[in-house]
Protein chains: 2
Amino acid sequence: MDTLETRELRYFIAVADELHFGRAAERLGIAQPPLSRAIQQLERRLGVTLLERNRRGVSLTGAGEILLQEGRAALDATTAAVRRTRRAGGAGSPGESRDRLVLAVKAGAFHELLNKLLDAYAAEPGAAEIEVLPSGMCEQEAMLRDGRADVALMHAPFNSLAGFDSVELMTEGQVAILPARHPLAARKSLSLAEIADVPDLPLARWPSHDTYPPGPGPEIHDQTQLAHLIALGRTMAVYPESARTWLWDEHAAVPLSDAPVVTTHIAWPAHSRSRVLAGLVRTASQL
Amino acid sequence: MDTLETRELRYFIAVADELHFGRAAERLGIAQPPLSRAIQQLERRLGVTLLERNRRGVSLTGAGEILLQEGRAALDATTAAVRRTRRAGGAGSPGESRDRLVLAVKAGAFHELLNKLLDAYAAEPGAAEIEVLPSGMCEQEAMLRDGRADVALMHAPFNSLAGFDSVELMTEGQVAILPARHPLAARKSLSLAEIADVPDLPLARWPSHDTYPPGPGPEIHDQTQLAHLIALGRTMAVYPESARTWLWDEHAAVPLSDAPVVTTHIAWPAHSRSRVLAGLVRTASQL
DNA sequence: TCGCTGTAATACCTCGCGAGTATCACAGGC
DNA sequence: GCCTGTGATACTCGCGAGGTATTACAGCGA
């Protein structure tokens, strides 16, 4: 028996997340006893101890850590299969399948590039429908993995390209976005060191992996909010140069001399083989 | 209901492979009627037609093609989770887990590099046990995907690095390996065009994706066999330069001026985060 | 035209297992 | 001592996965 049912995987991941059988059962919408039994049975079948049941609570063993990591990937792949199949569905034979592609894009970013890409692709003969799906700051990877999206625009090194196929589309420097009337806004250029500890302008903090990094600056969750706070002189931010397109009069963009360059990629799951995707990628790389 | 059980996936893939319910059922070790019902039910739950039942036999719809492709990836990820968990198993808490890593290597290749790597890594403090797993010509990718291996040595562009993280270890040119007494063996250098159609020395053919490419040369399945056939003057082959280490007196290696260079990488699944793997990769990249 | 064959679908039954309720066992904490 | 919070056990129930027997249907050949 080297089989592992999706249900068992869901159960184990719930327990590993919560480290508490009762809460995990509630999250799964079942009672606690069947959950305990399912995990015991899973451990027996695998021949491996996954959880250490202490007097008060539960902790993962080494094997449990592995199963959590690998199982998350497997579960993502499974839900991706369902989503992509449903999306391709309703169609008949291969030829008539309703061609549609979901493109994940960081909300509010890539305006210029995205417009060019969509226009150029729409002009292609036999172009499919492209649905643009706005994503959170670092959510594109997850969206590709679990099938909410088929292809994504990503910003290396902020997004990780690991596990995906990708083509580089453009490279740009970064700028500091400051309140226009702040003294530093008059500078021709700045270094990272110079903006690291400006007392009256702490750097804005974005959530990464659903948690904010520590620091003095305000916690931001969308670009409009950030634009307001900068205009009010309360914070500053580091952005790729193309951010200039959405700046207000109250903003100033000063090039950063030593910030890492940002490269924009179009990325997709490595196993994708669709004709429609290939067409979009070809168009993008010819921009 | 957006859930898809592993069992259903196995069933669908069997049918999609065989395009025949009876044979698929036999392969799965169940009777045909439950299989028919399972697929119908899967189609109902997904709300998608996966198979076109013609008068005589079965064919895939567009959605079915997608599910076959995505489902294969999901099933691989699931069996990988089981294999890696079992391998990590028997261990107690995270600290004491028996550290062991399976390294997939094309059988008979990488001798020199592999020796250096294993020696260097074994000398590291806290080195884990490395199990070397010989693989077929292009099998390393599959082994990483389905969890038979944790890390692999690969030859780009022969192996595809798509979907994996990797570090480049070395680059080398390619040579033609000829019988020592053949006229071409005296040459200082050759071009691909010159060796493409030598009448008495057809190029040996390796199976790729379990099927041999068409051509006049003999079908090869291991390196010893190839060495014999070359020594006998019956064929020739193109190999990376490092192949010189295993040549016989009856062999000659002539550099190819215009063959693509071969780069050797160490590669692993993008989601791997283990300390042991990181150590091996660090050692490899410092060679 | 009529079987015959190969195919998938349907009808019907069985039983194993997943899930629920009630309860236990055990470790801390006041 | 009791009370609380935790996971494990005992049992019962009902769905659904799986089996066998049969049907429905399309092509093929005589």
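The figures here come from the full heavy-atom set of this structure, side chains too, leaving out hydrogens, waters and symmetry mates. What you see is a predicted model; the values in this text were computed from it and never measured.
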Handout entry: Pairing residues for B:His265 by the ring-ring contact (aromatic ring centres under 6.0 Å, His included) criterion, not counting sequence neighbours
Key =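 Expected list: none.
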Just how far, in rounded Å, is [atom2] of [N] from [atom1] of [X]?
| X | N | atom1 | atom2 | result |
| --- | --- | --- | --- | --- |
| B:Leu42 | D:dG16 | CG | P | 15 Å |
| B:Arg10 | D:dA17 | CZ | P | 13 Å |
| A:Leu35 | D:dT6 | CG | P | 14 Å |

Problem - Footprint string (nucleotides 8-21 of chain C, 5' to 3'): B base within contact, S backbone only, - free, heavy atoms under 4.0 Å - result: BBB-B-----SBBB
Identify, with sequence neighbours excluded, every residue that meets side chain to side chain contact (heavy atoms under 4.5 Å, CB included) alongside [X].
| X | answer |
| --- | --- |
| B:Asp17 | B:Ile13, B:Arg27, B:Leu68, B:Arg72 |
| A:Arg205 | A:Tyr212, A:Pro213, A:Glu219 |
| A:Ala270 | A:Asp165, B:Ala162 |

Handout entry: side-chain hydrogen bond (donor to acceptor under 3.5 Å, both in side chains): pairs with one or both residues in residues 269-279 of chain A, sequence neighbours excluded
Key =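 side-chain hydrogen bond (donor to acceptor under 3.5 Å, both in side chains) check on residues 269-279 of chain A returns A:Asp99-A:Arg275, A:His271-B:Glu70.
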